[in-house]
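What follows is a short report on a single structure.
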Number of protein chains: 2
Amino acid sequence: MTIEQEDQKRAEIFKTLSDENRLKMIRILYKSQREMTCGEVGNELSISKSTVSYHFKALRSVQLTNTRREAQSKFLSLNLETFAKYLPGFLDSL
Amino acid sequence: MTIEQEDQKRAEIFKTLSDENRLKMIRILYKSQREMTCGEVGNELSISKSTVSYHFKALRSVQLTNTRREAQSKFLSLNLETFAKYLPGFLDSL
DNA sequence: TCAGTATTTCGACAACAATAGAACAACAAA
DNA sequence: TTTGTTGTTCTATTGTTGTCGAAATACTGA
């Protein structure tokens with residue numbers, strides 16, 4: 001991976017983290033120490049479900065979260081490898 | 001500082017870091033291990049000087065850099081405290 | 001198969017961000 | 001005082017982002 005590509009990836013990750021609602025989602029997931037459904041996380045934020053889905057897609061697309069389907073629900077969890085690689089120490093600072 | 005305010009600050013810093021040109025500026029400053037003038041840093045990027053100035057203002061406004069005037073020039077340096085507080089380990093990952 | 005629940009996609013819109021060029025301000029050195 | 005250098009501000013333009021509601025999709029369970 002060239003430096004250019006690394007910077008592009010880094011910039012994407014920072015962009016994804018530059019929204020307060022997405023930061024809140026990450027904190028909720030981190031503090032809960034378990035998988036949570038989209039609905040569960042969304043209920044703690046005062047935004048519409050389509051907006052929640054939009055943010056989840058953003059987090060997923062830069063590998064900050066993992067998704068696992070079970071029945072109608074989708075379970076979310078943090079992708080700790082990505083945090084470790086690009087943001088060492090960040091989660092603990094939350 | 002409330003969690004709300006902390007998140008706002010964090011989001012601002014991440015937004016500032018979510019631009020490839022600003023990431024390059026930070027890397028240039030970090031690798032050089034010294035103060036550099038705006039022009040010096042700007043010369044390494046293929047953007048206009050007004051855009052460079054715009055980015056410098058952005059970095060300054062979230063305390064990621066310090067500025068020191070000397071004659072016509074302004075010297076830039078990284079504000080290591082801010083990096084340490086919000087992005088421990090980030091600079092070394094560059 | 002049908003009704004119900006969970007999530008995503010679409011279409012629209014307002015707000016914001018990155019960019020360049022021109023004009024401007026601050027200072028230095030002839 | 002004039003000229004040159006360095007950096008900032010202004011104006012305009014173009015592209016991107018976050019948001020919602022409505023419609024669509026995916027799946028479950030009766």
Is it the case that one hydrophobic cluster holds both B:L23 and B:V62, taking links as side-chain heavy atoms less than 4.5 Å apart, direct or via other members? yes

So which protein N/O to nucleotides 16-23 of chain D N/O distances come out below 3.5 Å?
| residue | atom | partner | partner atom | Å |
| --- | --- | --- | --- | --- |
| D:dG18 | OP1 | A:R22 | NH2 | 2.8 |
| D:dG18 | OP2 | A:R22 | NH1 | 3.4 |
| D:dG18 | OP2 | A:Y54 | OH | 2.6 |
| D:dT19 | OP1 | A:N21 | ND2 | 3.2 |
| D:dT19 | OP2 | A:H55 | NE2 | 2.5 |
| D:dC20 | OP2 | A:S48 | N | 2.8 |
| D:dC20 | OP2 | A:S48 | OG | 3.0 |
| D:dC20 | OP2 | A:T51 | OG1 | 2.7 |
| D:dG21 | N7 | A:S50 | OG | 3.2 |
| D:dG21 | O6 | A:S50 | OG | 3.1 |

Salt bridge flag under 4.0 Å for residues A:R27 and A:E20: no

State whether a side-chain donor-acceptor pair under 3.5 Å links A:S48 with A:T51. yes

Result of checking B:T65, B:N66, B:T67 against B:R60 for side-chain hydrogen bond (donor to acceptor under 3.5 Å, both in side chains): B:T67

Without swapping roles, check the side chain of A:K49 against the backbone of A:N43 for a donor-acceptor pair under 3.5 Å. no

The criterion is ring-ring contact (aromatic ring centres under 6.0 Å, His included); which residues satisfy it with B:F90, sequence neighbours excluded? A:F14

Near DNA chain D, which residues from residues 64-72 of chain A have a heavy atom under 4.0 Å away? A:R69, A:A71, A:Q72

Numerically ordered, the residues 28-45 of chain A set in heavy-atom contact under 4.0 Å with DNA chain D is none

Per the side-chain hydrogen bond (donor to acceptor under 3.5 Å, both in side chains) rule, what does the pair list look like for residues 68-80 of chain B, sequence neighbours excluded? B:E35-B:R68, B:R68-B:E70

Leading and trailing nucleotides of DNA chain C with any atom under 4.0 Å from heavy atoms of chain B: C:dA17 to C:dA28

Result of checking A:E81, A:E12, A:K9 against A:Q63 for side-chain hydrogen bond (donor to acceptor under 3.5 Å, both in side chains): A:K9

Counting only heavy atoms not in B:E4, do more than 12 fall under 6.0 Å of its CD? no

Taking the nucleotide of DNA chain C with the closest heavy atom to each, which residue, A:K57 or A:S73, is nearer the 5' end? A:S73

Quick one: does A:S18's side chain have a donor or acceptor within less than 3.5 Å of a partner on A:K15's backbone? yes

According to a 4.5 Å side-chain heavy-atom criterion applied to Ile, Leu, Val, Met, Phe, Trp and Tyr, with indirect links allowed, do B:I47 and B:L76 form part of one hydrophobic cluster? yes

Any donor-acceptor pair under 3.5 Å from A:K31 side chain to A:L94 backbone: yes

